[in-house]
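Take a look at the structure below.
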Number of protein chains: 2
Amino acid sequence: MSLGWEDLRETIGARIRAREWPPGALIPAEAQLAADYGVARATVNRALQSLAEDGVIERRKRAGTRVAELPARRARLEIPVIRLEVEGRGAAYGFRVTHDAEEPLPAEIAQRMRLAEGAPLRHLTTLHLADGAPHAHEDRWLNMAALPQAADFAGLSVNEWLVAHVPFQGGDLAFLAAPAGAAEAAALEVAPGAALLVTERVTFGPEGGITHVLLWHRPGHRVETTL
Amino acid sequence: MSLGWEDLRETIGARIRAREWPPGALIPAEAQLAADYGVARATVNRALQSLAEDGVIERRKRAGTRVAELPARRARLEIPVIRLEVEGRGAAYGFRVTHDAEEPLPAEIAQRMRLAEGAPLRHLTTLHLADGAPHAHEDRWLNMAALPQAADFAGLSVNEWLVAHVPFQGGDLAFLAAPAGAAEAAALEVAPGAALLVTERVTFGPEGGITHVLLWHRPGHRVETTL
DNA sequence: GGGGCGATTATGTATAGACATATTAACCGC
DNA sequence: GCGGTTAATATGTCTATACATAATCGCCCC
């Protein structure tokens, strides 16, 4: 039995982490590694391609493959889905829509959604619950014009309805810290001004901006990943 | 000229985003797609493998490939490197070590580094500067026992010295929000209690925990990625 | 009709060969 | 030397083929 490309990726990755080849150094060519390990060049290529994707190595034709100056540059981030997050902790998920009206779009959000300021969008705020206790406060602007006609998200949270029904082409995701305003403090039952982690997400479809979401998490919330 | 696997990935990704196949639906088998697009099955496989890596589709042998219930679940996060971040904004990077002493490891951090509480580690705080102005405040615990003998990080920031010289095997990364304490407020020249985004990073080597870092960013700092 | 087992099928992966492409290194003429 | 052209080389990728593996489907037996 021979090595698979994932094994090879691990092996070579380990040699890099062990500083056998220091950052910036050239590593042997594909053909050489293929001979060393007794596999086909395509297998080595697949392994190296995978390492390159994670930013561990940098490859250029003719110039060869070298260890990145700053290896471990990219991490995969699992995008949080609130319901799964809550259920993953063994709690029952629930939510309550606390506000729902058509309002003119504020300038800052209009810019992020690449829409005109003051356009009338649907403004929803939702409180997400874990076992009945506040878990996160959502502030969403929704561009109804970008939605299919039958927009009926009964039962599901708006987010999951969107994911399931509306085509999207891309979006932006950001993490920031902000002090709890009056609304957030009341919803999450924390002191005004408390430092909260906020997730901001914008999604775009073929027609332009679909939705803008600010998610205010409870104090102590962490977004985690591994290197 | 035929399609490359990256083109194919885009094409199929677009058909998925356009809801041609809704979440949960089966998509045609590799052999079918290969015939449709006039390419080899290996090419289709490479494209689908890439989509699966990003969580857009889920694949099981014999059962086929289906669109994920919640597509766009994983994003690639470029791990921030302060110097590059500052220089990327066209500012001059600098730093100043504001504290450097051997101290007993606090319980909370010991737990995250998987070391014994109270172990004597080197405790450094560093102020990172952009054009001379405070940009971020770093609070680092360093396990000198896990370092090569000649630990002389003159000139470089400790972080870059570590990346370049110390083998590591993995680590954890987290984002959280916290109010500025007295030290952070003074260093960053903000009001105590201000909501700051904090990056926490722990790295492990063959000998165990190497370093634990808390990076306190200035107000308004955002960690961004795209979907 | 229920249970178990084997055939079928879709993906997973390896291989050898071929050609494309980018880039460096070498060469040559002036 | 200097500049520009050419050859050599490492990666990028596709193809066709082969076999491995997992899971499902359907048949057969009881």
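What you see is a predicted model; the values in this text were computed from it and never measured.
A straight line from CD of E58(A) to P of dT11(D) spans 14 Å, rounded to a whole angstrom. Taking atom CD of residue Q49(B) and atom P of nucleotide dA10(C), one finds them 18 Å apart after rounding to whole Å. Put simply, CZ on R46(B) is 16 Å from C1' on dT15(D), counting in whole angstrom units. Between the CZ atom of R60(A) and the C1' atom of dT21(C) there is a distance of 13 Å, rounded to whole Å. At whole-Å resolution of the value, CG in L26(A) and C1' in dT9(D) are 13 Å apart. dT9(D) atom C1' lies 13 Å from atom NZ of K61(A), rounded to whole Å. With rounding to whole Å, R41(A) atom CZ is found 16 Å from dT15(D) atom P. Across the protein-nucleic acid pair, E30(A) atom CD and dA16(C) atom P stand 14 Å apart, rounded to whole Å.
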I'd like a table of atom pairs between the protein and nucleotides 25-28 of chain D - only N or O on both sides, under 3.5 Å - with the distance next to each one.
{"from": "dC25(D)", "atom 1": "O4'", "to": "R62(B)", "atom 2": "NH2", "distance (Å)": "3.4"}

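Rounding to the nearest 0.5 Å gives a distance of 9.5 Å between NE2 of H217(B) and CG of L196(B). Atom CZ of R74(A) sits about 8.5 Å away from atom CD of E53(A), to the nearest 0.5 Å.
Counting non-hydrogen atoms under 4.0 angstrom, E6(A) reaches the backbone sugars and phosphates but no base. If you check every strand for non-hydrogen atoms under 4.0 Å, A42(B) touches a base.
Put simply, N45(B) has no side-chain N or O that comes within less than 4.0 Å of OP1 or OP2 on dT11(C). A sub-4.0 Å separation between OP1 or OP2 of dT13(D) and a side-chain N or O of T43(B) is absent. The shortest distance between the side-chain N/O atoms of T65(B) and the OP1/OP2 oxygens of dT11(C) is below 4.0 Å.
Counting only residues at least two apart or on different chains, the side chain to side chain donor-acceptor pair (under 3.5 Å) pairs with a member in residues 27-45 of chain A are R15(A)-Y37(A), E30(A)-R41(A), E30(A)-N45(A), E30(A)-R59(A), Q32(A)-D36(A), N45(A)-Q49(A).
Ring geometry, H128(A) versus F95(A): the interplanar angle falls from 30° to 60°, so the pair is classed tilted.
R218(A) contributes a side-chain N or O that, together with a main-chain N or O of L188(A), makes up a donor-acceptor pair within less than 3.5 Å. Judged by distance alone, with hydrogens and angles left aside, the side-chain atoms of R19(B) form a donor-acceptor pair with the main-chain N or O of V166(A) at under 3.5 Å.
Take E10(B) and apply the salt bridge (Lys or Arg N to Asp or Glu O under 4.0 Å) test, not counting sequence neighbours, and it matches R17(B).
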